[in-house]
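One is the number of the first residue; the rest follow in order along the sequence.
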Amino acid sequence: MSEPLAAWAPVLPVFLRRSAIVGALSIAIVALVGWVIGSTTGFWQILYVGPVLLLAYNIGFDDPARWRTARQNRWQLRTDALIEHGPNGEASMPLTEIVDARPRLGWSVVVRLKDGQRLRLSYVRDPKEIAAQILSARARLAA
């Protein structure tokens, strides 16, 4: 029987940070498109209405739904496997099948498997440390 080494779950502050960054970038892009439309057509209201509608959609619908789904995920690193517990059930990835684990965008870890599949550990604290722990466990198993 394998022994547990570490466990992770999504955390709300990381999710909120990601939402703020993605929201700010989205609003900037929509405002830029609104400015282009306003300067070419004279319809300047789109410059103000577009970002407000985007913000209302993200805050009211998209982000809450995304968090309700994401908060159900759990990941457990064991001496022989990385196990994901999520809303769709449980999946076990043997450490021998893991090719790489890398932090992405400051709020997730992407684990690549030999068969080309990827597993994303989203909205976790310290993705660099988590990736290092996964790779270290894989290296110990291979030694």
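Here the CZ-OG distance, from R66 to S122, works out to 9.0 Å after rounding to the nearest 0.5 Å. Taken from CD in Q133 to CG in L77, the straight-line distance is 7.0 Å, to the nearest 0.5 Å. For the atom pair S26 OG and L54 CG, the distance stands at 5.5 Å (nearest 0.5 Å). A distance of 10.5 Å separates CG of L16 from OH of Y123, quoted to the nearest 0.5 Å. Atom CD1 of I130 sits about 10.5 Å away from atom CZ of R125, to the nearest 0.5 Å. Between atom OG of residue S108 and atom CG of residue L119 there is a gap of 10.5 Å, rounded to the nearest 0.5 Å.
Partners of R74 under the side-chain hydrogen bond (donor to acceptor under 3.5 Å, both in side chains) rule, at least two apart in sequence or in another chain, do not exist in this structure.
By the rule that hydrophobic residues join a cluster once side-chain heavy atoms approach within less than 4.5 Å of another member, V36 and V52 end up as members of separate clusters. Note on I27: it does not cluster hydrophobically with I29, by side-chain heavy-atom contacts below 4.5 Å among ILVMFWY residues. Following chains of ILVMFWY side-chain contacts shorter than 4.5 Å, one can reach W8 starting from L113, so the two form part of one hydrophobic cluster. With hydrophobic clusters built from ILVMFWY side chains whose heavy atoms lie under 4.5 angstrom apart, V124 does not share a cluster with V110. A continuous path of ILVMFWY side-chain contacts below 4.5 Å connects L12 to V14, so both sit in one hydrophobic cluster.
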Query raised in the report: Step by step, would you call V111 with L121 a side-chain contact (heavy atoms from CB on, under 4.5 Å)?
Result: CA-CA 8 Å; V111 178; L121 288 73; 3.9 Å; yes
Report task. For side-chain contact (heavy atoms from CB on, under 4.5 Å), just list the numbers for W75 and V109, CA-CA rounded to whole Å, side-chain angles, deciding distance to a tenth of an Å, and then say yes or no. Result -> CA-CA 11 Å; W75 302 277; V109 176; over 6 Å; no
Show every donor-acceptor pair shorter than 3.5 Å between a side-chain atom in residues 81-101 and any protein atom, with sequence neighbours excluded, or say none if there are none.
unit_1 : atom_1 : unit_2 : atom_2 : d
H85    : ND1    : E90    : OE1    : 3.0
D100   : OD2    : R102   : NE     : 2.4
D100   : OD2    : R102   : NH2    : 3.2

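Nearest heavy atom pair, residue A70 against residue P10, reads O-CG, 3.0 Å. The shortest non-hydrogen separation linking I21 to W107 is CD1-CZ3, 4.0 Å.
In this structure, the side chains of P4 and Q76 come closer than 4.5 Å at one or more pairs of heavy atoms. Considering only heavy atoms from C-beta on, L53 comes within 4.5 Å of V49 through its side chain.
A donor-acceptor pair under 3.5 Å links the side-chain atoms of S39 to the main chain of W35, judged by distance alone. Without hydrogens or angle criteria, T79 side chain to E3 main chain gives a donor-acceptor distance under 3.5 Å.
Taking a 6.0 Å sphere around CZ of R17, one finds it holds more than 12 heavy atoms contributed by other residues, nucleotides or ligands.
Salt-bridge formation is not detected for the pair D80/R140: no Lys NZ or Arg NE/NH1/NH2 atom is positioned less than 4.0 Å from an Asp or Glu carboxylate oxygen.
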